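First the structure, in the form of structure tokens, and then the observations on it.
Predicted model only: the values in this text are computed from it and were never measured. The analysis underlying the following values was restricted to heavy atoms, covering all of them including side chains, and did not include hydrogens, waters or symmetry mates.
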Amino acid sequence: MALNYNPREIEKKWQERWARDRLYEVREDDPRPKWYELHMYPYTSGNLHVGHWYALAPADVHARFMRMKGYNVMHPMGFDAFGLPAENAAINHGIHPHTWTMQNVENMRRQLRSIGAIYDWNREVVTSLPEYYKWTEWLFLQLYRGGLAYRAKAPANWCPSCQTVLANEQVLPNGTCERCATEVTRRDLEQWFFRITKYADELLDNSKIDWPERINIMQRNWIGRSEGVEISFDIEEYGLEEKEIRTFTTRPDTIFGVTFMVLAPEHPLVSKLTTPEHKEEVERYIEAARKQSEIQRLSTEKEKTGVFIGSYCVNRLSDEKVPVWIADYALLTYGTGAVMGVPAHDQRDFEFAKKFHIPIKTVIAPRGWSGEELTEAYVEPGTMVNSGRFNGLSNEEGKKAIADFVEKESIGKLTVSYRLRDWLISRQRYWGAPIPIIYCDKCGTVPVPDEDLPVLLPEDAAFKPTGESPLKYHQGFVHTACPQCHGPARRETDTMDTFMCSSWYFLRYADPKNNQAPFSKEKIGYWLPVDQYTGGAEHAVMHLLYARFFIKALRDLGLVDFDEPFLRLFNQGIIIAQRHKMSKSRGNVITPDPYVEELGADVVRAYLMFIGPWDQGGEWSDSGINGITRWFNRAWNLALSDPDELAGRPADVKALQELERMTHKTIKKVTQDLERFRFNTMLAALMEYSNYLATAWESRSVDSSAWRKAIETFLLLLAPTAPHLTEELWEGTGHPYSIH
RNA sequence: GCCGGAGUGGCGAAACAGGCAGACGCGACGGUCUCAAAAACCGUUGGGAGGCAACUCCCUUGUCGGUUCGAGUCCGACCUCCGGCACCA
């Protein structure tokens, strides 16, 4: 489509001018109030696609809006550069991950510049560079010293044929390896964790943050706090070191209805309690469970499976002996890894008991119940029956009475259980920040001293899958001297989860060049916390929760003095193409570059904003982009209409009043919509306004000064959306540089 | 499966607090301009019925049911699609 103006020329011109004038570099000694507007940094996947633009351009519009409102706005940009795709590129194409990453950074910088955003490039961070990951390592050590990092065994996906650990993404939906189609199993490895569960209750508190309710709900459900009782079942008769099986339940009132016990297949007591005649079957079952994903295991749809392991435990309240089973619906990671089976009052237990012909004992009577068999679990309130001395209580009273009783008798205790698990940060991969830990036979686990940081990633490690972390085979890396006794020692060869890098990058933007510390307290004190964070809702429970945890941990370590990293959050939706999120692996990526080249960044910015509500995303189609081009063309002509043509006309008082009313209505609407990220209706209002102005021009009903004022207002309101076009027109209508 | 969202004309959508459904745009159709086309501009455009006409009537917000004087909006059940589910980031 033909344009009345040349976007390529004017966009280049103004971008160069803004850069030359350092218009968007920000400082801490600025008298204006600060505003930290942050968008989630992109992963260095190679190209910015339409999905990135959809996220970044409107975020910049909001940042520009705050800037025009008189704030000292920092709107930084950087790159999330460690991770699996770089390593895959190395394996598949023989390019070093560093080379691949930096090529992508180079290309993405160029694309990012074309958006016309107010990024202060002096503050850029690239997480895979030593000057950044030195501090990622340093922060790991702070958490380690603060008792928030620990090592424990945890399962990882394992391909027996490739002899390698697989990411979940590398396991096909049918449970096989994406490279060789071998069935994937799980293997226990010693791995590092962060104690995020210590902060579970504080993370539940969202009173200090202004976030979308749906994100708060997702985080709350993810943390999954439930109050209940830990109750022990007796296994003394087996003469083991362990005398009891500990279970967690939120329904102590149903304790007399327990007719079986279910352990997670991975539970440490399983091998000890399995009798010889059940051994073979139990081992087969455990093997099968290791091949199931957690999603499969927790499906309430699939038929229950399990095996009896040959032993019994005793319910200390009823003195009843119940059989011990294992079943994959019990998870070692939740509660105590043991579930007391109450088929009458839990649907999963009910289905399990039905399938394996285990008795079902009703202990909470529905109203009007006269002893008939249940056809499904009864989970509503009722009266306790078959429960010894507790008969006749309402089940709510019973909950409390039984909890008191087990506490008094030392059979159990009131406790709180969380669905949230500690954060596993170990990755058996090359392309990540090394975990700065040394293992010494004499001194044990020794942190790398600060002065030896960073532990550099060796450039010449092998990336081919070998069955271990690539670094394990790099002799020069592994073998080192113990910092304490100077004897021979080995380095940790796992690297850190990339979510670790993204849990503090927003702090580094405040002080990106600091080589004495990750950040200075003064600069953090000025800029942080982030006033407005924007990014995809797909990060609702992982990145956003990890970052919150990280800040709380740093606060308790005395490194920062605020509680929440992101005060306000807005999640833009996802642009889909061919019904799915755009991703390189899916191959449905659409590049904006040709549209930017032909129609200009301003048109692409405005079009993406006009598609629909920003938080809902949408399907990319280029069919409507002409509408924006036409509108900008009309706006161009309108703004450059010669106001002198209106000079000397008799003022039509009514028309002037109406123009004024329309102007104020539009200002109000545009301001409110920008505050709430309602970009689509903001643009609709501006279109209505320009249509109105066109009619006013045609009828020559207003005078030249009113006209000048109206055009000025229009350009100011459009400026955050179309920074280049409005800058050009601002100059063209005789205003001093710059509109921004 | 579990958690969180979404579903409105041919298409993207609007209706922000329960009060005229479809703003703004795309597309389509008709017209102006042109040798012709493109562009631009003007007009029409949810579906159906009636009227020469100004206009009038009926239907319509995924499905079914409910609350209400009144429901796209609130409640219940269901269907479909999207995001996340702890090693993609």
Side-chain angles (χ1 to χ4, degrees), chain A residues 1-4 40-45 80-85 88 154-157 165-171 191 196 212-222 224 293-302 329 333 419-429 432 494-495 497-499 501-502 535-543 545-546 571 573-574 576 579-581 583-586 606-607 610-613 615-631 633-634 637 669 672-673 676 678 680-691 694 698:
Chain A
M1 181 173 291
L3 286 156
N4 293 344
M40 292 175 188
Y41 63 175
Y43 181 73
T44 51
S45 55
D80 185 18
F82 274 137
L84 188 64
N88 284 339
N157 295 319
V165 171
L166 298 177
N168 289 342
E169 198 190 46
Q170 297 172 298
V171 181
Q191 311 199 62
I196 188 172
E213 195 48 29
R214 64 183 167 128
I215 304 292
N216 291 336
I217 292 169
M218 276 191 267
Q219 292 205 344
R220 192 186 311 139
N221 292 338
W222 183 258
S293 74
E294 207 160 290
I295 292 172
Q296 290 168 321
R297 283 176 62 161
L298 287 176
S299 170
T300 52
E301 206 63 340
K302 81 164 188 167
Y329 75 87
T333 50
R419 213 185 72 90
L420 181 71
R421 305 204 289 258
D422 276 339
W423 173 13
L424 195 170
I425 59 149
S426 294
R427 297 292 181 268
Q428 295 71 40
R429 298 191 205 294
D494 286 353
T495 54
D497 179 6
T498 51
F499 278 126
C501 312
S502 55
E538 69 271 25
H539 292 293
V541 288
M542 304 195 64
H543 161 60
L545 204 57
Y546 291 145
N571 291 110
I574 289 169
I576 58 174
R579 314 190 67 79
H580 292 284
K581 187 168 105 172
S583 75
K584 227 181 170 181
S585 56
R586 208 186 281 278
Y607 176 58
F610 193 58
I611 286 178
D615 57 349
Q616 280 175 30
E619 175 131 22
W620 167 264
S621 100
D622 53 11
S623 63
I625 201 164
N626 287 343
I628 300 294
T629 309
R630 275 187 209 138
W631 178 47
N633 272 334
R634 284 196 303 270
N637 291 340
K669 174 77 177 155
Q672 285 179 348
D673 279 353
R676 291 189 233 163
R678 312 266 312 214
N680 54 332
T681 49
M682 172 201 73
L683 289 176
L686 279 176
M687 287 173 184
E688 283 184 74
Y689 188 53
S690 70
N691 290 345
E698 282 308 310

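Annotation for Asn157(A) and Ala167(A): closest pair ND2-C, 3.8 Å, computed over non-hydrogen atoms. Closest non-hydrogen pair, Met682(A) versus Asp673(A), comes out as N-OD2, 3.1 Å. Of all the heavy atoms in Val541(A) and Met218(A), the pair that sits closest is CG1-O, 3.6 Å. Closest non-hydrogen pair, Phe82(A) versus Tyr43(A), comes out as O-CE1, 3.1 Å. Scanning both residues, Arg421(A) and Thr333(A), for their nearest heavy atoms gives CD-CB, 3.1 Å.
Taking the P atoms as reference points, G84(B) lies 35 Å from A28(B), given to the whole Å. Nucleotides G72(B) and G9(B) place their P atoms 14 Å apart, quoted to the nearest Å. Nucleotides A23(B) and G12(B) have their C1' atoms positioned 13 Å apart, rounded to a whole Å.
Contact annotation: side chain of Gln191(A) to base of C87(B), donor-acceptor pair present below 3.5 Å. Contact of Gln428(A) with C87(B) (side chain to base): a donor-acceptor pair of N or O atoms is detected under 3.5 Å.
The base-pairing partner of U61(B), taking Watson-Crick or G-U wobble contacts with both distances under 3.5 Å, does not exist among the strands shown. Checking G30(B) for Watson-Crick or G-U wobble geometry (two distances, each under 3.5 Å) identifies C42(B) as its partner. With a cut-off of 3.5 Å on both Watson-Crick or G-U wobble distances, the partner of G72(B) is given as none. Across all strands shown, C20(B) remains unpaired; no Watson-Crick or G-U wobble contact has both distances below 3.5 Å. Nucleotide G83(B) has C3(B) as its partner under the Watson-Crick or G-U criteria, with both atom distances under 3.5 Å. Nucleotide U67(B) forms a pair with no other nucleotide shown, judged by Watson-Crick or G-U wobble geometry with both contacts under 3.5 Å. Pairing partner, A54(B): none, since no Watson-Crick or wobble contact has both distances short of 3.5 Å. Across all strands shown, G9(B) forms no Watson-Crick or G-U wobble pair with both distances under 3.5 Å.
At a threshold of 4.0 angstrom between heavy atoms, the contacts of Ser621(A) with the nucleic acid are absent. Using a 4.0 Å heavy-atom cutoff across all strands shown, Arg634(A) reaches sugar-phosphate atoms only and no base atom. Among the atoms of the strands shown, only primed sugar atoms or phosphate atoms (P, OP1, OP2) are found under 4.0 Å from some heavy atom of Ile574(A). Residue contacts shown for Leu420(A) include a base, since a base heavy atom lies under 4.0 Å away. Counting any heavy atom pair closer than 4.0 Å across all strands shown, His543(A) reaches no nucleic acid atom. In this structure, Asp615(A) reaches neither bases nor backbone, as no heavy-atom distance under 4.0 Å exists between it and the strands shown. Heavy atoms of Trp631(A) sit nowhere under 4.0 angstrom from any nucleic acid atom. If you check every strand for non-hydrogen atoms under 4.0 Å, Gly618(A) touches nothing. Note on Tyr43(A): only backbone sugar-phosphate atoms sit closer than 4.0 angstrom, heavy atoms only; bases stay farther off. Contacts of Pro42(A) with the nucleic acid, taken as non-hydrogen atoms under 4.0 Å apart, are absent. Within the nucleic acid shown, Met542(A) comes within 4.0 Å of at least one base atom, counting heavy atoms only.
At C87(B), one or more side-chain N or O atoms of Arg427(A) fall inside 4.0 Å of OP1 or OP2 (strictly under the cut-off). For G12(B), the OP1/OP2 oxygens have no side-chain nitrogen or oxygen of Asn680(A) closer than 4.0 Å. Note on Arg678(A): every side-chain N or O is 4.0 Å or more away from OP1 and OP2 of C24(B). The shortest distance between the side-chain N/O atoms of Arg630(A) and the OP1/OP2 oxygens of A40(B) is below 4.0 Å. Distances shown here put every side-chain N or O of Asn633(A) at or beyond 4.0 Å from the OP1 or OP2 atom of A39(B). When the side-chain nitrogen and oxygen atoms of Asn626(A) are compared with OP1 and OP2 of G27(B), one or more of them lie within a distance under 4.0 Å.
The separation between Ile295(A) atom CD1 and C87(B) atom P is 12 Å, rounded to whole Å. In this structure, the CG atom of Asn216(A) is 11 Å from the P atom of G5(B), given to the nearest Å.
In this structure, the side chain of Gln219(A) engages the main chain of Ala540(A) through a donor-acceptor pair within 3.5 Å.
Both Gly624(A) and Ala167(A) sit near RNA chain B, but only Gly624(A) has its closest nucleotide nearer the 5' end. Between Glu294(A) and Ile215(A), the one whose closest nucleotide on RNA chain B sits nearer the 5' end is Ile215(A).
Remark: Gln428(A) CD to Gln191(A) CD distance equals 4.5 Å, nearest 0.5 Å.
In textbook terms, a nucleotide whose glycosidic angle is within 90° of 0 is syn, while G10(B), being further out, is anti.
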Just do the side-chain contact (heavy atoms from CB on, under 4.5 Å) check on Trp423(A) and Leu545(A) with the steps written out, would you? CA-CA 10 Å; Trp423(A) 173 13; Leu545(A) 204 57; over 6 Å; no
